[in-house]
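Here's the structure, in structure tokens; my notes come after.
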Amino acid sequence: MRFVEWAQNDIAVAPDFHKRILFSDEAHFWLNGYVSKQNCRIWSEANPQVYVETPLHPEKLTVWCALWAGGILLQKR
């Protein structure tokens with residue numbers, strides 16, 4: 001409710017308020033095939049106790065993206 005009230009108040013002051021909203025997220029892609037258990041759940045019926053050891057700091061690519069009324073912003077690290 002507080003968010004809706006805040007948004008309604010800002011829309012009353014600035015009619016183009018929706019154009020100022022920016023949605024962003026980032027994702028990490030490991031280059032060695034490792035899948036983060038925080039982002040993806042893999043269930044195995046054959047042997048759920050099996051795990052794969054991975055290096056402490058594997059090579060990865062981080063992608064950050066933001067969407068807003070002016071377009072899409074994209075950054076790769």
Side-chain angles (χ1 to χ4, degrees):
M1 287 298 288
R2 284 189 297 188
F3 174 78
V4 172
E5 291 169 359
W6 167 78
Q8 287 176 334
N9 290 337
D10 277 13
I11 290 170
V13 173
D16 66 342
F17 171 74
H18 66 283
K19 294 181 181 178
R20 301 178 190 181
I21 298 173
L22 180 110
F23 297 97
S24 68
D25 197 8
E26 68 179 23
H28 305 287
F29 299 94
W30 278 263
L31 303 179
N32 64 357
Y34 169 73
V35 177
S36 171
K37 292 182 182 176
Q38 296 297 327
N39 297 328
C40 181
R41 302 288 185 234
I42 299 175
W43 300 93
S44 172
E45 293 179 11
N47 190 350
Q49 304 304 318
V50 171
Y51 65 92
V52 177
E53 292 185 26
T54 58
L56 183 58
H57 301 290
E59 290 186 59
K60 66 182 175 180
L61 172 70
T62 300
V63 178
W64 177 86
C65 181
L67 306 172
W68 67 301
I72 299 173
L73 305 173
L74 179 66
Q75 179 181 15
K76 295 178 274 184
R77 304 182 256 169

Counterpart residues, side chain to side chain contact (heavy atoms under 4.5 Å, CB included), relative to W64 (two or more places apart): S24, E26, A66, L73, Q75
Test side chain to side chain contact (heavy atoms under 4.5 Å, CB included) applied to D10 - qualifying residues, sequence neighbours left out: W6, F17
Ring pair (Phe, Tyr, Trp, His ring centres under 6.0 Å) against F29, all qualifying residues, sequence neighbours excluded: none
For D16, all residues meeting salt bridge (charged side-chain N to carboxylate O under 4.0 Å, His left out), sequence neighbours excluded: R20
Full working for side-chain contact (heavy atoms from CB on, under 4.5 Å) between L61 and K76: CA-CA 7 Å; L61 172 70; K76 295 178 274 184; 4.2 Å; yes
Single-linkage hydrophobic cluster, 4.5 Å side-chain cutoff, L22 and L74 together: no
Other cluster members, I72 - Ile/Leu/Val/Met/Phe/Trp/Tyr, side-chain contacts below 4.5 Å: L67
Joint cluster assignment, I11 & F3, ILVMFWY side-chain distance < 4.5 Å: yes
